Amino acid sequence: AHMATTGPDLHAGQSLQDQSELLQFLRKDPADQKYHCTLCGNFSHKVISCTRNHVESKHFPNVFTYSCDQCEDTFSTKTTLNTHRTRKHKPVKNQQFYRNEAAYQ
């Protein structure tokens, strides 16, 4: 199967097929218990999803598309989708929303 590449942002000719593949660029440091970006080494965070979002935003922009579940807007990173949701839509207080979010942590 031919894997599509999406321009110069890909590292060493790698192409990503699924959002979960972003996690391969994270390394948990046993010393500080933070998840470090292995691509640039400039970012680390104790919350894995924060480092994952950094990898996507900085190193693989426009590879994936995220659709807002409350309007027609689409975004190129999970971070921009989350920012949009926070600013444009009031938080939804139902279990389905939180269960869906948990799947992306």
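Since this is a predicted model, take the numbers as computed values, not measurements. The analysis underlying the following values was restricted to heavy atoms, covering all of them including side chains, and did not include hydrogens, waters or symmetry mates.
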>> Between D69 and R85, does the salt bridge (Lys or Arg N to Asp or Glu O under 4.0 Å) criterion hold? Intermediate values first, please.
In response: CA-CA 9 Å; D69 57 0; R85 272 200 197 137; 3.6 Å; yes

> What is the distance from atom CD of Q33 to atom OG of S44, rounded to the nearest 0.5 Å?
Replying inline: 12.0 Å

> Roughly how far, to the nearest 0.5 Å, is CZ of F60 from CD of E21?
Replying inline: 9.5 Å

Grab the two heavy atoms, one from [X] and one from [Y], that are nearest each other, plus how far apart they are.
X: C68; Y: H89; value: SG-NE2, 3.4 Å
X: T38; Y: Q24; value: OG1-O, 4.4 Å
X: T65; Y: T74; value: CG2-CB, 3.9 Å
X: C37; Y: T51; value: N-CG2, 3.9 Å
X: E56; Y: Y66; value: OE2-OH, 2.6 Å
X: R52; Y: L26; value: N-CD2, 3.9 Å

> Quick one: side chain to side chain contact (heavy atoms under 4.5 Å, CB included) partners of T79, sequence neighbours excluded?
Replying inline: N53, S57, T77, T83

>> Strictly by ring pair (Phe, Tyr, Trp, His ring centres under 6.0 Å), give each pair with a member in residues 33-58 just once, sequence neighbours left out.
In response: F43-H54, H54-H59

> Can you check whether K28 reaches K34 side chain to side chain, under 4.5 Å on heavy atoms?
Replying inline: no

> Is the count of non-hydrogen atoms from other residues, nucleotides or ligands lying under 6.0 Å from K46 atom NZ greater than 12?
Replying inline: yes

